[in-house]
**Student:** 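Sending over a structure as structure tokens; questions will come in a sec.
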Amino acid sequence: MSHHHHHHHTAFAVGLNVSFALAILLNSGFVLAEVTYAFIAHSMSLLSDAVHNFADVLGLLMSWGASFLAKKRSRQRYSYGYKKLTILAALANALLLVFTSALIVYESIDKLRNPVPINEMIVMVVAFIGMLINGSTALLFMRQQQSDLNIKSAFLHLAYDALIALGVVLAGAVVYFTSWQWVDPVVGLVIVGIITLGSWNLLRRSVELILGAVPYGVDQKAVVTYLEKLPGVTAVHDLHIWGLSTQETALTAHLVMPGDGLSDQLQQQINQTLAEKFQIQHVTLQVEQGQEKYPCSQGSVC
């Protein structure tokens, strides 16, 4: 059983590394091409999209590096290893989304004030290629992003860039058929609004994890109820649930058990239930008999 689990974990890690390598390689090459054609076409929409793509490449590099470091063993000073780096990477990616969105807003407003004729055909072709590249590389992270906030941030970067590219294609088509130069910056502003909604959620969840909040998707009340109903448990206090990383959650709690205490069998059952039902993988429980003569020092403050 343990051999199968190890094989599955290794295959997952290899697949994730391949996904990151392909996404970074394809997007880096496209950024260089997009910047070149943006100047040729005199298109600020393509240039701002290239800036956003470049931010994506940086975000992918940070997410990949954080995922790699999170798997390194703990050391004497860093007892939990480098798992928190995945949270910092997710936060940095969210801030990058906000920063690049601000750049697009600035360029779009400037273009509304000072419209410049663009080569619509080049804009449409290059943006369409970008849409295909970003969309296909986003699909590489579709499965992993469901359970890892760090991978989700990489997925959102690529998915939003595909959305931006689609908007640039449509804007180029409208300008081509109508000569309405104002359409291009207006579409850019609409896309920024869509991006802001997604990046705000990512930013909020990243900050919550850094502050030690209960991770999104973990029902703390249900966890307390489960622990209180365990055989021999009369009370639960000093319970804390926080994210060790974007994909691993920890729990500590004091269980008041006046009887025989916590057997190895019950401990194993608790660990299994918390992992499968509540997605909590790192569990530490302190057992107390609840004698009034020796009260728990944390009982009155938690």
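Because the structure is a prediction, the values reported are computed rather than measured.
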**Student:** Under 30°, 30 to 60°, or over 60°: which ring-plane class applies to Tyr226 and Phe278, parallel, tilted or perpendicular?
**Tutor:**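 Rings of Tyr226 and Phe278: tilted, 30 to 60°.
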
**Student:** Identify the heavy atoms of Ala165 and Gly130 that sit nearest to each other, and give their distance.
**Tutor:** CB-C, 4.1 Å

**Student:** Could you check whether any side-chain heavy atom of Val214 comes within less than 4.5 Å of a side-chain heavy atom of Val223, counting everything from C-beta outward?
**Tutor:** no

**Student:** Should Ile210 and Val98 be counted in the same cluster of Ile, Leu, Val, Met, Phe, Trp and Tyr side chains packed under 4.5 Å apart?
**Tutor:**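 No, separate clusters.
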
**Student:** So which atom in Gly243 and which in Leu209 form the shortest heavy-atom distance, rounded to 0.1 Å?
**Tutor:** CA-CD2, 4.2 Å

**Student:** Report whether Leu170 and Ile133 are members of the same hydrophobic cluster (ILVMFWY, side-chain heavy atoms less than 4.5 Å apart, transitive linking).
**Tutor:**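 No, no single cluster joins them.
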
**Student:** State, to 0.1 Å, how close Thr137 and Ala23 come at their nearest heavy-atom pair, and which atoms those are.
**Tutor:**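 Closest heavy-atom pair between Thr137 and Ala23: CG2-CA, 3.8 Å.
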
**Student:** Just verifying a value: how many Å separate Thr249 OG1 and Gln281 CD, rounded to the nearest 0.5 Å?
**Tutor:**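 Output value for this atom pair is 5.0 Å.
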
**Student:** Does the side chain of Glu34 come within less than 4.5 Å of Ile129's, by heavy atoms?
**Tutor:** no

**Student:** Show your working on side-chain contact (heavy atoms from CB on, under 4.5 Å) between Leu230 and Val236 and close with a plain yes or no.
**Tutor:** CA-CA 10 Å; Leu230 289 171; Val236 176; over 6 Å; no

**Student:** Would you say Leu166 ends up clustered with Leu132 if hydrophobic residues are merged whenever their side chains have heavy atoms under 4.5 Å apart, either directly or through other cluster members?
**Tutor:**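 Same hydrophobic cluster.
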
**Student:** Atom CG in Leu112, atom CD in Gln181: separation rounded to 0.5 Å?
**Tutor:** 11.5 Å

**Student:** Search all heavy atoms of Val105 against all heavy atoms of Leu189 and return the closest pair with its distance.
**Tutor:** CA-CD2, 4.0 Å

**Student:** If you count the non-hydrogen atoms of other residues, nucleotides and ligands that lie under 6.0 Å from CD in Gln279, is the total more than 12?
**Tutor:** yes

**Student:** What is the minimum heavy-atom distance between Ala162 and Gly135, and which atoms define it?
**Tutor:**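 The answer is CB-N, 3.7 Å.
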
**Student:** Any donor-acceptor pair under 3.5 Å linking the side chain of Thr252 with the backbone of Thr284?
**Tutor:**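 Judged by distance alone, no pair lies under 3.5 Å.
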
**Student:** Just so I know, are the side chains of Leu239 and Gln220 near enough to count as touching, which here means a heavy-atom distance under 4.5 Å?
**Tutor:** yes

**Student:** Give the cluster check for Ile164 versus Tyr106: same hydrophobic cluster or not, with ILVMFWY residues linked at side-chain heavy-atom distances below 4.5 Å.
**Tutor:**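 In one cluster: no.
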
**Student:** Is the shortest side-chain heavy-atom distance between Gln269 and Leu266 below 4.5 Å?
**Tutor:**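 Heavy-atom side-chain distance check passes, below 4.5 Å.
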
**Student:** What's the spacing between Phe39 CZ and Leu46 CG if we round to 0.5 Å?
**Tutor:**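 So the CZ of Phe39 and the CG of Leu46 are separated by 11.0 Å.
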
**Student:** To the nearest 0.5 angstrom, please state how far the CD atom of Glu120 sits from the CE atom of Met124.
**Tutor:**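 It comes to 7.0 Å.
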
**Student:** State, yes or no, whether a side-chain contact exists between Val126 and Val168 at a heavy-atom distance under 4.5 Å.
**Tutor:** no

**Student:** Looking only at heavy atoms, which two atoms of Asp238 and His240 are closest? And how far apart?
**Tutor:** OD1-NE2, 2.8 Å

**Student:** With side-chain contact (heavy atoms from CB on, under 4.5 Å) as the test, would you mind laying out the steps for His254 and Val256 before giving the verdict?
**Tutor:** CA-CA 7 Å; His254 292 198; Val256 179; 6.0 Å; no

**Student:** Could you tell me the separation between the CD1 atom of Ile280 and the CD1 atom of Ile270, rounded to the nearest 0.5 Å?
**Tutor:**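 Those atoms lie 12.0 Å apart.
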
**Student:** Evaluate the side-chain proximity of Leu262 to Met257: yes if any heavy-atom separation is below 4.5 Å, no if none is.
**Tutor:** yes

**Student:** Would you check if Gln267 and Gln265 make a side-chain contact, meaning some heavy-atom pair closer than 4.5 Å?
**Tutor:** no

**Student:** Quick check: do Ile87 and Leu91 have side-chain heavy atoms less than 4.5 Å from each other?
**Tutor:** no

**Student:** For the hydrophobic clusters of this structure (ILVMFWY residues joined by side-chain heavy atoms under 4.5 Å, transitively), does one cluster hold both Tyr37 and Val169?
**Tutor:**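 Cluster IDs for Tyr37 and Val169 differ.
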
**Student:** Can you tell me how far the CG atom of Leu158 sits from the CG atom of Leu139, to the nearest 0.5 Å?
**Tutor:**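 Those atoms lie 9.5 Å apart.
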
